[in-house]
Q: 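This is the structure I want to talk about, given as structure tokens.
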Protein chains: 2
Amino acid sequence: MAEQPRGSVTLMDVAARAGVSLATASRALNGSTRRVGDDLRERVLAAARSLNYAANAQAQAMARGRTNVVGLVVHDIADPYFSSIAAGVMEAAEGHQVLVTLGSTLRRPEREVDYLVALRGQRSRAVILAGSRMDDSPVADALRREIDIFENDGGNVVAISQKQLPVDTVVIENRLGARDLATELVGLGYRRFGVLAGPDALLTARDRVHGFREGLGRSGVDLDPAFVVHGAFTRDGGHQAMSTLLDRIGELDCVFAVNDVMAVGAMAAAREHGLEIPRDLGLAGFDDISTLRDVNPALTTVRLPLEKVGATAFELVLSAAERTKPSTRRIKGEVVLRQSTRPSPA
Amino acid sequence: MAEQPRGSVTLMDVAARAGVSLATASRALNGSTRRVGDDLRERVLAAARSLNYAANAQAQAMARGRTNVVGLVVHDIADPYFSSIAAGVMEAAEGHQVLVTLGSTLRRPEREVDYLVALRGQRSRAVILAGSRMDDSPVADALRREIDIFENDGGNVVAISQKQLPVDTVVIENRLGARDLATELVGLGYRRFGVLAGPDALLTARDRVHGFREGLGRSGVDLDPAFVVHGAFTRDGGHQAMSTLLDRIGELDCVFAVNDVMAVGAMAAAREHGLEIPRDLGLAGFDDISTLRDVNPALTTVRLPLEKVGATAFELVLSAAERTKPSTRRIKGEVVLRQSTRPSPA
DNA sequence: TCTCCGTAGGAATGCGCTTCCACGATAGAC
DNA sequence: GTCTATCGTGGAAGCGCATTCCTACGGAGA
């Protein structure tokens, strides 16, 4: 029953085997406004089954003029921040007959544009840009331009992070989260802060620094710019930035790393330097990466529901057709105090 | 210069604007055996640029009879094991004009078959099955059957993990790695072992347990089956399995978790139980997940070059055309002793 | 019995592109 | 100088499918 002509089975093969026309076979398999008689439909389905027919998605896309492909562009899929978002997207996509094409810029944000072009070539119905926006006008302009073209082609674009582009956006409240964190840390009695700030051009990093400074300011605490050290948004970046800070560590009582991955690097650097956390120094991160929840001492951080972020982005993709104006969803973080900062004085 | 008709620009638009035929426009843009005169080629390229032309990949796929899409199917993209492999794949794909479609089975291995069908519909030129094979005949049979069909359609399949299917495979030497680890642990003086074994049906987990037992055996040490606890292949699985073991922890001096993620969960469980590692108990993992390298105490583990695994898989995809027989690449792990086990007696 | 309408099935068209084939022109061989 | 390769170009077929349009058929109403 499962004879298999060499090469792909086409709808014509199915139709021939069922003894019906192409049109009928198509209608039987995909449903349509038109109805197909029960006997014929059965014949077609049986034929398709026995031939292991899988409709050629390219041909369907051509005929229908649309695809079921969604692009997901991240900066680094190995980074748990992005892989969590990706997991959220994949889970939301489950059962929606959508295929997700993954793009990884390898931390070169200008490559987002290349992926946008490639995904336009695929006639993707949407693309999710998961990475932080940059403070880099040439790149941003090129991206904006390419987004226009993509949308003009009928595609939908969803950004995650900052509302910087006129597209559907899942805004992550970095500023607010960092502000809350600062407030809590001051509440714990910390006063002299250092910040491992990430790349300055990365708006996610910058927003967190700004928010943190703002939160300190509201509590009447100053952040000395000399104690704000920039570095890569990675474990090694955190390690390195922390090492820089360690020269003057005596003047500090708490360090905020703008993400957990950096915080872990910083923790290692502190340990190598003989510092004990939180006894000698408080340390806080951002994101609450689940893989990192078991580091010891446990990181005080700002919890971001990253999988939900991904899922929300995907929902925006699905519902895009019903909207004419870009929509914004805000996702808030929640401060989680753990052992990497001293216990509450209460 | 950048006027943009609404909807997609087609090759016909480009040809018309350049005042040449469709055939010439196609040849100028994509190269071909036939050459196009310099002046005409320039005209075509200029037209394409000014119209923001991006070739319809679906149409190209139809006409050419092949695509540049490669599928990557993992069990859970949020798991650092898989996201590292994915990163390796993405990096290797860089610059090869290949688009990667991501599939996530959400830890339901039977869904691999569904993805295979979907990717066959896309006429993917290859698919990488990154997850462990299972000891589950119905599922394995269905998979084998679908792989046959996929390959008969001209696609190439690459598996990562066990050589269990007649396809190109990146074999991970789980057994060997676990054996070496056992030897080293015995060398450190440990004698009474417990194992957090993961799901029994998962061959990766099972191989590691077998290898570990084998290694112990070679050193004349027995592994009491009562101390082999199965559980999920996740952090929580490790935590839970460890909790089970903790009742009889007095009889053990070292625990091997079959992957790092479980080891970290186990470490948390031990800590909650008041045990100090490595003073009260040695603990070892497997994989050497980079995100987890900074846990404290640092994990003794078996380092797997996961990004290289992904990259190797991708290379197999690229070189598939030149082979007729399935090829196998073996990737070995390397024992890394760290602070979660006691220092060498030497 | 005849006409009209609703319906199921089939033929034909077109989606955007690659590529085979044909054609004319130019260059090289005799 | 004519004859045959060679090369650049255009024409047109066809990839696999959805869909529109058309036809044939059958039942209901007159």
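Just so it is clear, the values below take in all heavy atoms, side chains as well, and ignore hydrogens, waters and symmetry mates. Since the model is a prediction, treat every value here as computed from it, not as a measurement. Numbers restart at 1 for each chain; the letters A, B, ... are given by sequence-line order, proteins then strands.
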Q: How long is the gap from CG on A:Leu165 to CD1 on A:Ile147, to the nearest 0.5 Å?
A: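 So the gap between those two atoms works out to 4.5 Å.
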
Q: Quick check for you: to the nearest 0.5 Å, what is the distance between A:Leu102 atom CG and B:Leu99 atom CG?
A: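 Here the rounded value is 9.5 Å.
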
Q: Using salt bridge (charged side-chain N to carboxylate O under 4.0 Å, His left out) as the criterion, list what pairs up with B:Arg133, not counting sequence neighbours.
A: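 Listed in chain order: B:Glu112.
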
Q: Tell me which residues in residues 54-62 of chain A put a heavy atom below 4.0 Å from DNA chain D, sorted by number, or none.
A: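 The stretch gives A:Ala55, A:Asn56, A:Ala59, A:Gln60, A:Met62 as the residues lying under 4.0 Å from the strand, ordered by number.
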
Q: Work out which heavy atom in A:Val157 is nearest to a heavy atom in A:Phe150; give both atom names and the distance.
A: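 Closest approach of A:Val157 to A:Phe150, heavy atoms only: CG2-CD2, 3.6 Å.
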
Q: Among pairs that include at least one residue of residues 83-100 of chain B, which meet salt bridge (charged side-chain N to carboxylate O under 4.0 Å, His left out), considering only residues two or more places apart or in two chains?
A: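 Sorted pair list: A:Arg108-B:Glu94, A:Arg111-B:Glu94.
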
Q: Test: salt bridge (charged side-chain N to carboxylate O under 4.0 Å, His left out). Region: residues 306-319 of chain A. Which pairs qualify, not counting sequence neighbours?
A: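 Counting only pairs at least two positions apart or across chains, the salt bridge (charged side-chain N to carboxylate O under 4.0 Å, His left out) contacts touching residues 306-319 of chain A are A:Glu315-A:Arg329.
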
Q: Got a sec, which residues hit side chain to side chain donor-acceptor pair (under 3.5 Å) with A:Asp76, two or more places apart in sequence or on another chain?
A: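 If we apply the side chain to side chain donor-acceptor pair (under 3.5 Å) test to A:Asp76, skipping adjacent residues, the hits are A:Arg107.
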
Q: Strictly by side-chain hydrogen bond (donor to acceptor under 3.5 Å, both in side chains), give each pair with a member in residues 36-48 of chain A just once, sequence neighbours left out.
A: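 The answer is A:Asp38-A:Arg41.
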
Q: Between atom CG in A:Asp13 and atom C1' in D:dG16, what is the gap in whole Å?
A: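 Between C1' of D:dG16 and CG of A:Asp13: 10 Å.
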
Q: Run the side-chain donor-acceptor check on residues 66-74 of chain B: report pairs under 3.5 Å with partners two or more places apart or on a different chain.
A:
unit_1  : atom_1 : unit_2   : atom_2 : d
B:Thr67 : OG1    : B:Val69  : N      : 3.4
B:Thr67 : OG1    : B:Arg123 : O      : 2.7
B:Asn68 : ND2    : B:Gln97  : O      : 2.9

Q: For the residue pair B:Ser83 and A:Ser83, what are the closest heavy atoms and their distance?
A: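 That would be CB-CB, 3.8 Å.
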
Q: I'd like to check the side chain to side chain donor-acceptor pair (under 3.5 Å) partners of B:Ser26; sequence neighbours left out, ordered by chain and number.
A: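 Side chain to side chain donor-acceptor pair (under 3.5 Å) check on B:Ser26 returns nothing, list empty.
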
Q: Can you build the contact string for nucleotides 8-14 of chain D? Use B for base contact, S for sugar-phosphate-only contact, and - for no protein heavy atom under 4.0 Å.
A: BBBB---

Q: Using the test ring pair (Phe, Tyr, Trp, His ring centres under 6.0 Å), find all partners of A:Phe82 that sit at least two apart in sequence or belong to another chain.
A: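 Testing A:Phe82 for ring pair (Phe, Tyr, Trp, His ring centres under 6.0 Å), a comparison that skips the adjacent residues, returns A:His75.
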
Q: When you measure from the side-chain N and O atoms of A:Tyr53 to the phosphate of D:dC17, is any distance below 4.0 Å, counting only OP1 and OP2?
A: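 Looking at the OP1 and OP2 atoms of D:dC17, one of them is under 4.0 Å from a side-chain N or O of A:Tyr53.
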
Q: Using rotation axes that map the C1' atoms of four end pairs onto the next four (five pairs an end), what angle separates the end axes of the helix from C:dT1-D:dA30 to C:dC30-D:dG1, to 10°?
A: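 Overall, the helix from C:dT1-D:dA30 to C:dC30-D:dG1 bends by 50° from one end axis to the other.
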
Q: Return the CD to CG distance between B:Gln164 and B:Leu129, rounded to the nearest 0.5 Å.
A: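 Going from the CD atom of B:Gln164 to the CG atom of B:Leu129 covers 12.0 Å.
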
Q: Using a heavy-atom cut-off of 4.0 Å to chain A, what are the terminal contacting nucleotides of DNA chain C, in 5' to 3' order?
A: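 Boundary nucleotides touching chain A, in 5' to 3' order, are C:dA8 to C:dG16.
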
Q: How would you label the contact of A:Thr10 with the nucleic acid (heavy atoms, under 4.0 Å): base, sugar-phosphate, or nothing?
A: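 A:Thr10: backbone/sugar contact only, no base atoms under 4.0 Å.
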
